[in-house]
Structure formats: structure tokens, C-alpha cells
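Accompanying notes for the structure given below.
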Number of protein chains: 2
Amino acid sequence: MLVYYLRTMARIKIEKNSSRKDVIVSKAASLFREKGFKAASMRDLAEAVGVEAASLYNHIKSKTELLHELCFGVANRFMQHMDEVESKKTNSITKVEELVRFHINEMVKHYEEVYVSDREWKHLSDPYLSNFQNQRRMYRKRFAAIIETGIRNKEIKLIDAPTAVLIILHAISGIESWHRSTQKINAEELTNNMITILVGGLKNV
Amino acid sequence: MLVYYLRTMARIKIEKNSSRKDVIVSKAASLFREKGFKAASMRDLAEAVGVEAASLYNHIKSKTELLHELCFGVANRFMQHMDEVESKKTNSITKVEELVRFHINEMVKHYEEVYVSDREWKHLSDPYLSNFQNQRRMYRKRFAAIIETGIRNKEIKLIDAPTAVLIILHAISGIESWHRSTQKINAEELTNNMITILVGGLKNV
DNA sequence: ATAATATACTAACATATGTTAGCAAAGAAA
DNA sequence: TTTCTTTGCTAACATATGTTAGTATATTAT
């Protein structure tokens, strides 16, 4: 008896409530994170997805569209959270702490996307590029405003607020190294350490 | 009378005590910083230098060699400084402060190179890649060791030292945003703000 | 002035890359 | 089953890119 092993056509496997495009975007995130946007080719992506490069174009418009989706997905989440925090009636230090916690949490849970949004947005093209840059600027301004309020209320030291924002945001993006580290402490411990250092400082008083 | 405007051959202009290769490496730094290593082409670089792409190869071996030079140039300076700091007989907080000041100073004075070394080393290829990664790991370990000593001496709060290092280094790399900012405070002021926040913390005590 | 070296140019190569066209197969709707 | 839509495949394209070969032209040394 002859048995013919006919190769069936590949198919992108999807989970419930997710499209094939979602799968592609998600794999793109981890590829762009690993190699960088420019160095990651559509053929690489296709292989990761388990399909031929041309097939991807049944689901997406272009490589850049993938970057859009990733960058704005992340940016929107952050913007929305900023709205929430601003509307709360807590003091400034608490707001700062909440923003920091959210950042860390996003970085830990959606590592690849946040990382890509943070490091690869340069490769967006206008009008998306300017749009994205504006959103970032806005976010930082609003963050700085919270710190400035805290300074006026004497909750926070007299420092340059934009510099503080810059430090905080970049410090958090350092979780990248933590994420790759072999001897990771757990996420909660990491968060607490970060809050201690960023909010409380290093010096023992 | 006929006047012939004969185009003379282009030539890479050099300053005293610098080779043509130095000029190329330096221009490469700013290109790689602006566009990223992969997105910056040798033709871009050639144009920046004022010469045809092929001519670059009279001075360099390959595009990757440019990245080597940049990355290891920076790494070596940092390693050497670490040697100096370790050999000093000051307390730990002072050592940390000195390391931070050096970082900021390097970032401000050799912005492009430091930035590239920090963000584009991924595109190195072995054996340079592993070599570079090892150097980084070593540097962070030595930095963490200083902090740990400080913790034992009760100079520094009881925190996870590797996390502290991670925060500090990434916070400093945020100077990139400062560097691009239109309303820069001056470098000294920035440094002091950073030290205040990183070493002293945000909270007003 | 002549020879030797350093540096630049043009042309071309091999390869990688994003993307499209046209067609085949699979799944869903009728 | 038949029809329609979705999703995949192969082949090919245009372009960009790193790099080399071969040659011409400056600059430096003799």
C-alpha cells in the first residue's frame, strides 16, 4: 500500500478573539525587538509566523504599518493611563509612584511592544513620526507638571522637573536588561526597588 | 579666451593629529546615531564625508569595523575610568557620584559615540559581540560591587545593587533626550540635578 | 624630474529586501 | 454540492546595499 504524504498549505494559527494580523503584529514585536526594525526582514517574520513572505500581505499593508500598530498601541495605553492618574485626587508623590508602577508593569507584561515602541519609533515615517513624537512630548510635559505641583507643595525636592521625568522614564526602560538577565529577582521586588531608588533615593538618611 | 573649470578630485580634509580614518569614524558616529547602524548606508556616509562610497575602503576595512571602533573606543574609556575609581580610597557614595559624573560628562562631550555604543552594539558580530557584552557585564558587576560595599558600610540604603546600577546607567543614557531638547539647561546644572535625584532621591526629607 | 605611494573615481558585482501579480487551495456560506 | 471569500503559494520586480576591480590623479620621497 502506498502512502502519499501530501504537504498541506501552511496556515497562521490563531487563538480565540485574535485575528491573524494580531499574530503577525505580535511576532513582529519580538523580531523588531531582537534585531531592530531595519535588520528584521519580512522573510524573517514570515518564517517566525510559519508562512511565506508574500502571504503576510494578505493581512497587513506594509512593514511600516506593523511599526505603526506597535508604537501607537503602546502610546495610547500610556496616554489613557495618564488621563486616569491626572483625574485622581491624590498627592503628587503618589501620582508619580503610580505612573512608575504602571510603566514597570507595562514593561514587564508587554515587554517586546514597549521596547520596540521605545527604541524603534525613529523608523516611523511622517505623518506618523511627528504624531508619535508629539504624543511623547505631551506625555512628558504632563508628567513634569505633576512633579512641579509636588515641588510647589513641598512634597518633592526642588529639582528640574523635566530632568526628573527624563531620568525616571529612562531608568524604567532599563528593565530591558533585567528582562534578559539570568538571575532575575521577581517583578514585584524589582518594582519596589525601583520605587525606592527613584522616589526615595540612594542615600541612607 | 576659454576657461575650463576642471573638477579636481575630492579629498577628505583632516585636522592636525588626525587621520582620514578618524574623520570617517567620526562621521559614522553621527550617522549611526541619527539613523541607526543598519539604516545608515555607506553611500550616506560617503556623502557626509564628501567622497564616493568606494573611496571609503581605502581607509577602512568594512562597515562593521566602524562599529567596532566606536563601541570599543567608548568601552575602553569607561573601563579605564572604573580602574581609577576602584583604586581610590574614598567612600562608596563618593565613588558612585564620580562614576555618574564621568558618565554624564562622556555623554555630553562624546555624545554620538557613546550613544551609538549604547544602542547599536547589537549589530556587532562575533567575536566582537561577545567580547563587548562581557565588558559591559564586567563593568556593571564592578559598579554593583561598589554599591554593595556602600550598603555594608550603611552609607547606602538596603537595595538590590544590580537594580540600582541598571537604573543609574539607563537614567544617564536619557541625556540623549536632553541633548536633543531645545530648552536645555546647561550641562553642569543637568549633572547636579541628576546626582541629586539619583543619589539623594526625589522625596523631600 | 622621476618614482613610489596614497587616495580618489567609475563601473560593476552579488546579494538582500519590500512588495506585487497571478494563481491554487482551503474554509465558510448558499 | 456549488459558490464565494479568505488565505496561502510561486515567481518575479525594482531597488538598495556592501564591497571589489581596475584605473586615474594627487602627494610625497628620491
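Reckoned from all heavy atoms, side chains included, excluding hydrogens, waters and symmetry mates. Letters A, B, ... are given to chains in the order of the sequence lines, protein chains preceding strands, and every chain is numbered from 1.
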base_contact_polar (dA8(C) base, N58(B) side chain, donor-acceptor, <3.5 Å):
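Looking at the base of dA8(C), it does pair with a donor or acceptor on the side chain of N58(B) (distance under 3.5 Å).
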Can you confirm if the NZ or CZ of K63(A) lies within 45° of the ring axis of F37(A) and under 6.0 Å from the centre of its six-membered ring?
yes
So which one's nearest nucleotide on DNA chain D is more toward 5', R43(A) or K61(B)?
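On the 5' side of the pair lies R43(A).
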N or O in side chain of [X] less than 4.0 angstrom from [N] OP1/OP2:
{"X": "R20(B)", "N": "dT7(C)", "answer": "yes"}
{"X": "H59(A)", "N": "dT6(D)", "answer": "no"}
{"X": "S55(A)", "N": "dC9(D)", "answer": "yes"}

Which nucleotide in [options] has an atom nearest any side-chain atom of [X]:
{"X": "E52(B)", "options": "dT17(C), dG18(D), dT10(C)", "answer": "dT10(C)"}
{"X": "Y57(A)", "options": "dC9(C), dT20(C), dG18(D)", "answer": "dT20(C)"}
{"X": "V51(B)", "options": "dT19(C), dC9(C), dT7(D)", "answer": "dC9(C)"}
{"X": "R11(A)", "options": "dT7(D), dC9(C), dC9(D)", "answer": "dT7(D)"}

Rounded to the nearest 0.5 Å, what separation is found between the CG atom of L66(A) and the NZ atom of K61(A)?
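The CG atom of L66(A) sits 10.5 Å away from the NZ atom of K61(A).
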Over 60° means perpendicular and under 30° means parallel, so tell me whether F78(A) and H103(A) are parallel, tilted or perpendicular.
tilted
For the backbone of S19(A) and the side chain of D22(A), can you confirm whether one donor and one acceptor N or O come within less than 3.5 Å of each other?
yes
Does anything in residues 117-132 of chain B reach DNA chain C, meaning a heavy atom under 4.0 Å, and if so which residues?
none
Using a 4.0 Å heavy-atom cut-off, does A40(B) contact any base of the nucleic acid, only the sugar-phosphate backbone, or nothing at all?
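Since only primed, P, OP1 and OP2 atoms lie under 4.0 Å of A40(B), the category is sugar-phosphate.
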Between A54(A) and D44(A), which residue's closest nucleotide on DNA chain C lies nearer the 5′ terminus?
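Whichever sits nearer the 5' end wins; that is D44(A).
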